[in-house]
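So the structure is just underneath, and the comments pick up after that.
Side chains included, hydrogens not; waters and symmetry mates left out as well; all remaining heavy atoms used. Counting begins at 1 with the first residue of the sequence.
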Amino acid sequence: MLPVLLNFHGTDPILGMGSFSKELNPEIKLGFHSHNNQQLSFALSMHFVELLNKTHRNCIVDASLCGMGRGAGNATTELVANYLNRKQHCNYDMNQIMDAIDMYMSYFQEQYKWGYSTPYFIAGMYCCHVNNIAYLQKNHRTNALDMRNIIESLSPDDRKKYNYDLLEEKYIENQNRIVRDEQILEKLENNFSNREVFLIAPGKTNELEKDKVQQYIAEEDPVVIGVNAINPTYKYDYLFITNKVRYNYAKEIYSQQFYMTKRILLSNIKTEPDEKEMIINFNRVIKRGWEHFDNAVINALRLMDKLHVKKITLVGFDGFKNSYNESYADIALPTLNPDNKWDELNDEIKDMFRDFLESINGAIQIKFLTESIFDITENKQSLEEIK
């Protein structure tokens with residue numbers, strides 16, 4: 001007789017199991033397969049076995065070596081087998097299981113990623129289909145706070161489905177917090193009029209070449225803008241911040257400098273400004289068509305274009321290397337991890353930068369003070385070569 005297999009994603013999977021079991025033919029086996037979104041697969045598997053023991057019904061527990069599975073993964077074979085041997089008088093060969101892990105799993109662990117993550121915790125918290133999480137990650141690189149708000153805005157029934165049109169609608173609704181920013185733009189344009197703008201991005205070179213940077217600032221007296229990060233070495237005229245995580249980090253770690261500096265924020269962060277804050281509509285500076293369309297430096301360049309700035313110097317717009325230690329001046333800076341596909345990310349940023357240069361058609365003089373893989377003048381590349 002075939003087993004009945006139950007597939008559970010939430011935190012209350014075995015509710016009513018006793019009464020459910022009473023209605024079935026006693027020869028029918030019940031199977032249990034769980035996803036580890038909230039790190040409960042092992043605990044729930046044990047609970048399932050113990051409940052079924054009370055009904056004297058045979059059961060099946062689905063598990064995988066090292067918990068391998070989509071997203072957060074599944075119950076872990078080695079943990080379940082060890083529990084069954086110790087507590088349920090089973091006789092699984094742990095040596096065979098360990099040998100299989102040694103023989104096969106290293107390859108999969110190197111090639112694929114699974115296990116606990118905050119996004120899949122959110123899926124578990126709201127009993128949400130993981131395709132919704134994957135969509136928000138792939139198409140919008142949504143941070144945890146926004147992801148929670150978007151999933152929470154779905155009805156309980158919609159969370160269990162994956163209606164991408166609805167999800168896109170909810171994402172846009174979450175991001176498009178419209179503010180009246182015309183006066184802010186006019187004020188900034190007046191402040192930047194006939195001034196060079198000096199953008200300090202978070203890259204490693206803003207720390208390694210700080211003497212050179214400080215000398216340039218002292219000699220040229222530009223408008224100094226920190227992009228999505230603070231280096232306490234520098235005194236900024238403005239901070240330009242594009243996401244909530246970087247906003248909170250700067251406020252927490254560099255609170256004195258944060259509160260002393262004027263801050264230009266995008267409306268996806270907040271719509272009501274605090275003291276020294278100016279809020280710009282998110283959609284004024286983003287252009288969709290790339291996975292990482294919200295790159296902070298590209299957004300800052302687009303804003304400078306709208307403010308009719310004619311001269312921009314860039315520092316710390318280095319390009320990503322193979323680790324945060326190599327890429328960022330502040331190695332604790334919260335950042336993305338594009339599954340270690342750093343070259344693909346750099347290529348995408350190059351393409352966005354090329355697109356920006358073509359859109360301004362020489363209207364802005366842009367130069368790099370520090371080394372950058374995006375510097376087409378230092379590397380003597382043409383726009384065609386950077387494509």
Side-chain angles (χ1 to χ4, degrees), residues 188 191-242 246 249-250 253-254 256-258 260-264 295-305 307 309-335 342 345-346 349-350 352-354 356-357 360 362-383 385-386:
L188 289 172
N191 290 348
F192 295 174
S193 179
N194 299 317
R195 298 281 305 278
E196 175 184 357
V197 168
F198 194 81
L199 298 179
I200 302 181
K204 192 82 169 179
T205 58
N206 89 35
E207 176 65 23
L208 295 177
E209 300 191 45
K210 58 188 176 184
D211 291 341
K212 177 181 179 181
V213 174
Q214 293 282 36
Q215 181 180 351
Y216 187 93
I217 293 172
E219 291 176 355
E220 302 298 329
D221 190 31
V223 178
V224 180
I225 302 177
V227 179
N228 244 16
I230 291 175
N231 182 337
T233 298
Y234 303 115
K235 181 178 178 181
Y236 302 99
D237 297 301
Y238 297 87
L239 298 173
F240 175 72
I241 306 178
T242 65
R246 292 285 183 89
Y249 180 79
I253 305 301
Y254 303 106
Q256 183 175 359
Q257 192 168 6
F258 177 88
M260 289 177 58
T261 308
K262 288 177 281 190
R263 302 177 296 281
I264 304 170
N295 177 268
V297 174
I298 302 297
N299 290 171
L301 290 170
R302 292 197 187 109
L303 177 60
M304 296 306 110
D305 180 38
L307 299 177
V309 170
K310 298 302 181 186
K311 185 177 181 181
I312 298 173
T313 298
L314 287 159
V315 165
F317 188 34
D318 306 343
F320 288 95
K321 296 182 172 61
N322 293 324
S323 73
Y324 299 153
N325 288 358
E326 296 178 86
S327 298
Y328 286 102
D330 178 357
I331 61 173
L333 191 69
T335 189
W342 303 109
L345 177 58
N346 286 328
I349 296 171
K350 283 181 183 178
M352 286 189 286
F353 185 52
R354 175 199 56 77
F356 173 75
L357 292 177
I360 61 174
I364 305 176
Q365 178 187 338
I366 298 176
K367 71 175 181 180
F368 290 74
L369 188 65
T370 56
E371 184 178 354
S372 169
I373 66 170
F374 312 123
D375 182 0
I376 59 174
T377 55
E378 279 294 311
N379 297 320
K380 295 182 171 53
Q381 295 174 307
S382 69
L383 285 179
E385 289 173 323
I386 201 172

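- Taking the side chain as every heavy atom from C-beta outward, Asn231 and Ile200 never approach each other to under 4.5 Å.
- With rounding to the nearest 0.5 angstrom, the CD1 atom of Ile360 is 7.0 Å from the CD1 atom of Ile312.
- Residues meeting the ring pair (Phe, Tyr, Trp, His ring centres under 6.0 Å) test with Phe258, sequence neighbours left out: Tyr247.
- Nearest heavy atom pair, residue Val227 against residue Ala296, reads CG1-CB, 3.7 Å.
- The two residues Asn295 and Met352 come nearest to each other via the heavy atoms CB-CE, 4.0 Å.
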Next on the checklist: With side-chain contact (heavy atoms from CB on, under 4.5 Å) as the criterion, how do Arg195 and Asp221 come out once you've worked through the C-alpha distance, each side chain's angles and the decisive distance to 0.1 Å?
Outcome noted: CA-CA 9 Å; Arg195 298 281 305 278; Asp221 190 31; 4.0 Å; yes
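- With rounding to the nearest 0.5 angstrom, the CD atom of Gln256 is 6.0 Å from the CE atom of Met260.
- Rounded to the nearest 0.5 angstrom, Lys367 NZ and Phe198 CZ are separated by 8.5 Å.
- The environment of Lys235 atom NZ is sparse: at most 12 non-hydrogen atoms of other residues, nucleotides or ligands sit within 6.0 angstrom.
- Centroid-to-centroid, the aromatic rings of Phe356 and Phe374 stay 6.0 Å apart or farther.
- Using the six-membered ring where Trp is involved, Phe368 and Phe317 have ring planes that are parallel, under 30° apart on the 30 and 60° scheme.
- The two atoms that bring Ala363 and Lys310 nearest to each other are O-CD, 3.6 Å, heavy atoms only.
- The closest side-chain heavy-atom distance from Leu199 to Leu301 is below 4.5 Å.
- Relative orientation of the Tyr234 and Tyr236 rings is perpendicular, given thresholds of 30° and 60° on the angle between their planes.
- Atom CG of Leu303 and atom CD1 of Ile264 lie 6.0 Å apart (nearest 0.5 Å).
- The CG atom of Leu369 lies 10.5 Å from the CG atom of Asp375; values are rounded to the nearest 0.5 Å.
- Taking all atoms of both residues into account, the shortest heavy-atom contact from Asp318 to Lys204 is OD2-N, 2.8 Å.
- Under the rule for a side chain to side chain donor-acceptor pair (under 3.5 Å), Gln365 has no partner lying at least two apart in sequence or in another chain.
- Note: Leu333 CG to Ser327 OG = 11.0 Å, rounded to the nearest 0.5 Å.
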Item to check | Steps toward side-chain contact (heavy atoms from CB on, under 4.5 Å) verdict (Ile366, Leu357) | outcome: CA-CA 9 Å; Ile366 298 176; Leu357 292 177; 3.8 Å; yes
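- Within the 4.5 Å cutoff, no side-chain heavy atoms of Asn191 are placed close to those of Asp237.
- The closest side-chain heavy-atom distance from Val297 to Ile349 is not below 4.5 Å.
- Looking at every heavy atom in both residues, Ile230 comes nearest to Tyr254 through O-CE1, 3.6 Å.
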Next on the checklist: Before you tell me yes or no, could you show the steps for Gln214 and Thr233 under side-chain contact (heavy atoms from CB on, under 4.5 Å), namely the whole-Å CA-CA distance, both residues' side-chain angles and the distance that decides it to 0.1 Å?
Outcome noted: CA-CA 9 Å; Gln214 293 282 36; Thr233 298; 3.5 Å; yes
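- Looking at residues two or more places apart in sequence or on another chain, you find a side chain to side chain donor-acceptor pair (under 3.5 Å) between Glu196 and Tyr216, Thr313.
- Under the 4.5 Å side-chain criterion, counting only non-hydrogen atoms from C-beta, Lys212 is not in contact with Val315.
- Closest heavy-atom contact between Arg246 and Pro334: NE-O, 2.6 Å.
- For the residue pair Tyr249/Asp330, the side-chain donor-acceptor check at 3.5 Å is satisfied.
- In this structure the side chain of Val213 never reaches within 4.5 angstrom of the side chain of Asn206, judged on heavy atoms.
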